[in-house]
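The structure under discussion appears below in the form of structure tokens.
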Amino acid sequence: MKHSYLIYIVSLIFAACQTKTETMQNLTSLTHDLDSILQQRFPDDEPGACVIVKQGDSLIYNRCFGYAILPGHENEEGVRITPDTKFNICSVSKQFSALALLKLEEMGLISLQDPVKKYFPKFQAPFFDHITLANLLSHTSGLPDSRPRTQAEWKRYTALHDTQFKTVEDFKRFCEVEESVRYMETLDSLAFEPGSQYEYQNPTFQLAELIIEQVTGTDFDTWMKENIFIPAGMTETVYFEPEREIKNMAHGYQPVGFTTLNGDNVPAENPFDYWRDKKQKWEENDYGEASFYGTKADGGIYTSPMEFLKYDEALYHDKIVSKTSREKAHTAYILTDIDYTDYGYGFFLEHNPNRSNKIYHTGDNGGFLIFEGRIPEKDIFYLVFANRPDWEREITIEAIDQVLMKYIP
């Protein structure tokens with residue numbers, strides 16, 4: 001009997017050692033394969049990215065590539081990307097606004113079934129009585145994005161609305177929330193019946209900022225910090241403002257375009273004198289160079305990969321909103337125009353039959369191109385925060401997904 005028991009114990013130890021060895025081999029292979037994918041997309045002497053993969057409580061991949069600030073931009077040496085570098089996470093900000101409204105619903109201050117007209121009596125059209133806050137958060141409102149983008153649109157806009165801006169280009173680059181949504185005051189038609197279709201929009205999420213300020217009596221930044229960011233452990237996360245200094249902030253960059261002159265390829269003209277590196281390969285492309293940078297609730301957060309990890313952990317430990325509210329946010333309300341993908345409240349929900357389900361969001365503005373996602377079945381969370389827009393996000397994420405499916409059981 002003792003002999004059999006000893007054999008049993010030895011076999012358990014052997015199996016455990018074998019499993020541990022296999023796990024280490026898988027992690028080594030995973031790191032190698034991810035490095036191969038990412039190093040060719042983010043060369044070390046260019047703008048780059050931070051890529052993190054977490055399973056359970058363990059960071060299994062944590063790599064940074066390239067520069068947050070290119071050499072010569074603000075200093076000769078430049079600044080390398082680290083896990084504490086702050087990126088503009090663009091539309092990934094939307095999930096924070098959705099969670100904020102869900103939290104206000106928990107507090108009894110609003111209902112997501114409230115009509116938009118309740119909070120914006122200046123909006124004249126009768127359809128605002130039938131568009132709910134839930135429609136705003138799920139991109140099913142039917143409200144078109146009618147902010148002016150062309151000179152003809154600008155002429156029509158200024159005939160109906162007061163504005164502080166002289167040109168449509170200044171409007172696109174510098175307008176903040178009140179003016180960004182002002183077109184809704186005189187909007188007279190919808191793209192579709194509320195709730196019947198999906199169309200991704202930014203201004204509908206911008207309304208969340210004004211709603212939060214209205215019902216709480218507190219400015220948006222302060223309320224979000226005290227009720228969302230601090231409970232999530234995001235003590236350094238902030239919303240962008242033109243005069244706000246953001247420590248450890250990356251700049252967004254884009255490749256300089258080229259044109260043909262006398263048979264030669266030469267850098268395109270630079271009429272606004274955007275900063276360019278000495279090789280004329282990269283130019284600054286964030287606030288002042290990119291459109292629609294001044295709004296917050298739809299895309300204004302600057303945070304770091306490490307702070308975002310804290311947020312993900314807090315969200316799934318119900319420290320920001322209740323489990324019920326989180327599950328509301330992660331419920332599929334409408335099929336999107338992306339294959340196998342629905343939209344919840346501030347989250348995309350992928351149900352590809354060929355692999356595990358995924359909850360994720362993307363963001364892009366100026367030189368920033370962002371991805372964050374979770375595979376609940378495997379308890380995987382991963383992100384790619386990049387300050388360059390040319391890395392073919394969908395193809396890259398698909399390649400990363402294949403590696404994760406291959407090496408993580």
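Quick caveat: nothing in here was measured; it's all calculated off a predicted structure. The first residue of the sequence shown is numbered 1, and numbering continues consecutively from there.
Taking the six-membered ring for Trp, F371 and Y382 have ring centres closer than 6.0 Å. Between Y287 and F174, the gap from one ring centroid to the other is short of 6.0 Å. Ring centroids of F229 and Y239 are separated by less than 6.0 Å, placing the two rings close together. Here the two rings, on Y316 and F381, have centers that are 6.0 Å apart or farther.
Take E377 and apply the salt bridge (Lys or Arg N to Asp or Glu O under 4.0 Å) test, not counting sequence neighbours, and it matches no residue. By the side-chain hydrogen bond (donor to acceptor under 3.5 Å, both in side chains) test, T362 pairs with no residue at all, sequence neighbours left out. For K319, the salt bridge (Lys or Arg N to Asp or Glu O under 4.0 Å) criterion is met by no residue, not counting sequence neighbours. For R244, the salt bridge (Lys or Arg N to Asp or Glu O under 4.0 Å) criterion is met by D221, E241, not counting sequence neighbours. With sequence neighbours excluded, no residue satisfies salt bridge (Lys or Arg N to Asp or Glu O under 4.0 Å) with K225.
With respect to the salt-bridge test (charged N to carboxylate O, under 4.0 angstrom), the residues E76 and K278 qualify. Electrostatic pairing of E179 and R182 counts as a salt bridge here, judged by a charged N lying under 4.0 Å from a carboxylate O. Looking at R355 and E398, a side-chain N of the basic residue comes within less than 4.0 Å of a carboxylate O on the acidic one, giving a salt bridge. Between E392 and R41 there is no salt bridge, since no side-chain N of the basic residue sits under 4.0 Å from a carboxylate O of the acidic one. A salt bridge links R388 with D390: at least one charged nitrogen is closer than 4.0 Å to a carboxylate oxygen.
Between the side chain of D114 and the backbone N or O of S111, at least one donor-acceptor pair lies under 3.5 Å. The main-chain N or O of T341 is found under 3.5 Å from a side-chain atom of T336 such that the two form a donor-acceptor pair. A donor-acceptor pair under 3.5 Å is absent between the side-chain atoms of K323 and the main chain of D318, judged by distance alone. S141 places no side-chain N or O within 3.5 Å of a backbone atom of I131 that could act as its donor or acceptor partner.
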With a 3.5 Å cut-off and sequence neighbours excluded, list the donor-acceptor pairs that the side chains of residues 52-70 form with protein atoms.
from : atom 1 : to   : atom 2 : distance (Å)
Q55  : NE2    : K378 : O      : 3.2
Y61  : OH     : D35  : OD1    : 2.5
R63  : NE     : D35  : OD1    : 3.3
R63  : NH2    : D35  : OD2    : 3.4
Y67  : OH     : R80  : NH1    : 3.2

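Using cut-offs of 30° and 60° on the angle between ring planes, the pair Y343 and H361 is perpendicular. Between Y157 and W154, the ring-plane angle classifies as parallel under the 30° and 60° cut-offs. Ring-plane geometry between W275 and H73 is classed as parallel, the angle between the planes falling under 30 degrees on a 0 to 90 degree scale with a further cut at 60. Between Y293 and F368, the ring planes lie tilted relative to each other; the angle falls in the 30° to 60° range.
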Could you go step by step and tell me if Q95 and Y311 meet the side chain to side chain donor-acceptor pair (under 3.5 Å) rule? CA-CA 11 Å; Q95 63 193 252; Y311 154 72; 2.6 Å; yes
Test side chain to side chain donor-acceptor pair (under 3.5 Å) on T132 and N135 and set out the steps. CA-CA 5 Å; T132 66; N135 293 141; 3.1 Å; yes
Test side chain to side chain donor-acceptor pair (under 3.5 Å) on Y200 and S91; report intermediate values, then the result. CA-CA 11 Å; Y200 191 91; S91 286; 3.0 Å; yes
Could you walk me through whether Q201 and E199 pass side chain to side chain donor-acceptor pair (under 3.5 Å), step by step? CA-CA 6 Å; Q201 294 288 3; E199 185 176 42; 3.3 Å; yes
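By the 6.0 Å contact criterion, CD on E269 is open, its count of non-hydrogen atoms from other residues, nucleotides or ligands being 12 or less.
Screening Q124, K122, H161 against T186 for a side-chain hydrogen bond (donor to acceptor under 3.5 Å, both in side chains) leaves a single residue, H161. D170 pairs with exactly one of K166, K172, R173 by the side-chain hydrogen bond (donor to acceptor under 3.5 Å, both in side chains) rule, that one being R173.
Atom OG1 of T303 and atom NZ of K310 lie 9.0 Å apart (nearest 0.5 Å). Interatomic distance, T140 OG1 to E193 CD, rounded to the nearest 0.5 Å: 11.0 Å. Once rounded to the nearest 0.5 Å, the distance linking CG of N202 with NE2 of H139 reads 7.5 Å. For the atom pair SG (C90) and CZ (F385), the distance works out to 9.5 Å, reported to the nearest 0.5 Å. Atom NZ of K281 and atom CZ of F258 lie 9.0 Å apart (nearest 0.5 Å).
Counting heavy atoms from C-beta on, the side chains of L383 and V92 never come closer than 4.5 Å.
The side-chain tip of R374 does not point at the ring of F347 from less than 6.0 angstrom away and within 45° of straight on.
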